[in-house]
Trainee: 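Sharing a structure here in structure tokens format.
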There are 2 protein chains.
Amino acid sequence: MAVLEDQGYRTTAPRRAIIDLLERKEEGFTVEEISDELPTVGRATVYRTIKLLLKAGVICKLAMMDGAPKYSLSRIEHHHHTVCIRCGNVGEFRAATVERLLRAIAGDIPGEIVGHRMEFYVTCDRCLSGVAS
Amino acid sequence: MAVLEDQGYRTTAPRRAIIDLLERKEEGFTVEEISDELPTVGRATVYRTIKLLLKAGVICKLAMMDGAPKYSLSRIEHHHHTVCIRCGNVGEFRAATVERLLRAIAGDIPGEIVGHRMEFYVTCDRCLSGVAS
DNA sequence: CATGTAGTGAGATGAGATATCAAGTGGTGC
DNA sequence: GCACCACTTGATATCTCATCTCACTACATG
């Protein structure tokens, strides 16, 4: 919330409601979910707020295996995601290996790297161990 | 083309046209481009054929930085992409480092990895060296 | 408390992709 | 060769997701 204030945005009821809700979401979320759970807030406002939070780095956007967009709170500074293709839960991880790799790859690639995207699709432990298919 | 036949799909004129066109594309393409360049082929058919080729592994889908989908021929078996955010050109690369990383990461991640997505956004050499902004 | 402005919600609109369905074809059996 | 039938196709309608529009609201400030 403070993040938005710091960037000169107002603290409004809809924004507070959205952020409160997001903070209670462990597992990543879609815009539709948020909009459904906050029927008093207009869809447009949800999209607008999500976009602000994205720009502020509070949340990050990722893609499901089929490309459908999903979001998750950024708890760790620079991280990547695992998405369970079964239950849809999103995990965050920060493998030192990844960072080393990124630096190594920078040399192999012609041009100047300005960003990257990296997601792992998994069947999570919970889904592996039993929960009925 | 043979790939489709092998999977029991018919060899039809529209499909041939699409595949011929794709083979001439160096730099990745969007569905819209293909559809525009083949006005005699229906949009739906383009989507259908693209989907078939995707399933057959002939082409692969990637996402621009903003999430817009783009496709490219798979020339190398297992590879990743670089996308120039300036001109949109798509490059393929196969860094051994990446494969080693993937194996290393498999251990760090809870659950079973079933797939991944990895794209690098760059400003390509051509764009860096001069072409007017 | 009055004012200017950022923010909001409802609905229209736009883009991208898919579904529908009658009409058209490829390729197999003959 | 030819006829047949399931697979394909194209035009169009439709769906979904996201953004735009615009009159209205409410925040923060003086």
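Throughout, protein chains are lettered first and strands after them, A, B, ... in sequence-line order, and every chain is numbered starting at 1.
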Trainee: Of the non-hydrogen atoms in A/V90 and A/S72, which two are nearest, and what is the gap between them?
Mentor: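 Taking A/V90 first and A/S72 second, the nearest heavy atoms are CG1-CB, 4.0 Å.
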Trainee: Over all heavy atoms of both residues, which pair between B/L73 and B/L22 is shortest? Give the atoms and the distance, please.
Mentor: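 Closest approach of B/L73 to B/L22, heavy atoms only: CD1-O, 3.6 Å.
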Trainee: Atom CG of B/L4 to atom C1' of C/dG27: distance rounded to whole Å?
Mentor: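 Rounding to the nearest Å, CG of B/L4 and C1' of C/dG27 are 16 Å apart.
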Trainee: Provide the start and end nucleotides, 5' to 3', of the part of DNA chain D that has atoms under 4.0 Å from heavy atoms of chain A.
Mentor: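 With heavy atoms of chain A under 4.0 Å away, the range is D/dC17 to D/dC27.
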Trainee: For residues 48-71 of chain B, tabulate all N or O donor-acceptor pairs below 3.5 Å that involve a side-chain atom, not counting sequence neighbours.
Mentor:
unit_1, atom_1, unit_2, atom_2, d
B/R48, NH2, B/T45, OG1, 3.3
B/T49, OG1, B/T45, O, 2.8
B/D66, OD1, B/A68, N, 2.9
B/K70, NZ, B/G88, O, 2.7

Trainee: Rounded to the Å, how far apart are A/I34 CD1 and C/dG9 C1'?
Mentor: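 One finds 18 Å between C1' of C/dG9 and CD1 of A/I34, rounded.
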Trainee: Which pair of heavy atoms, one from A/P39 and one from A/D36, lies closest together, and at what distance?
Mentor: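 Where A/P39 meets A/D36 most closely, the heavy atoms are CD-O, 3.7 Å.
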Trainee: C/dT8, OP1 or OP2 - any side-chain N/O from A/R10 closer than 4.0 Å?
Mentor: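 Indeed not, no polar side-chain atom of A/R10 lies that close.
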Trainee: Taking atom C1' of C/dT5 as reference, at what distance in whole Å does atom OH of A/Y9 sit?
Mentor: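 To the nearest whole Å, that distance equals 15 Å.
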Trainee: Tell me the interatomic distance from B/K70, atom NZ, to C/dA17, atom P, rounded to whole angstroms.
Mentor: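 About 13 Å, once rounded to whole Å.
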Trainee: Should the pair A/K25-A/E37 be classified as a salt bridge under the 4.0 Å nitrogen-to-oxygen rule?
Mentor: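 Between A/E37 and A/K25 there is a salt bridge, with a charged N closer than 4.0 Å to a carboxylate O.
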Trainee: Hey, is the main chain of B/R10 close enough, under 3.5 Å, to the side chain of B/R15 for a donor-acceptor pair?
Mentor: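 Answer holds: yes.
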Trainee: Please name the residue in the list B/R75, B/H80, B/H79 that meets the side-chain hydrogen bond (donor to acceptor under 3.5 Å, both in side chains) test with B/E92.
Mentor: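 Filter result, single survivor: B/H79.
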Trainee: Output the rounded distance in Å from CD (B/E32) to P (C/dA17).
Mentor: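 Rounding to the nearest Å, CD of B/E32 and P of C/dA17 are 9 Å apart.
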Trainee: From CD1 of A/I18 over to P of C/dG7, roughly how many Å is that when rounded to an integer?
Mentor: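 The distance from CD1 of A/I18 to P of C/dG7 comes to 13 Å, rounded to the nearest Å.
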Trainee: What is the minimum heavy-atom distance between A/E33 and A/G28, and which atoms define it?
Mentor: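 The answer is OE1-O, 4.2 Å.
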Trainee: In residues 43-58 of chain A, what residues come within less than 4.0 Å of DNA chain C, judged by heavy atoms?
Mentor: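 Residues of residues 43-58 of chain A that come under 4.0 Å of DNA chain C are, in numerical order, A/A44, A/T45, A/R48.
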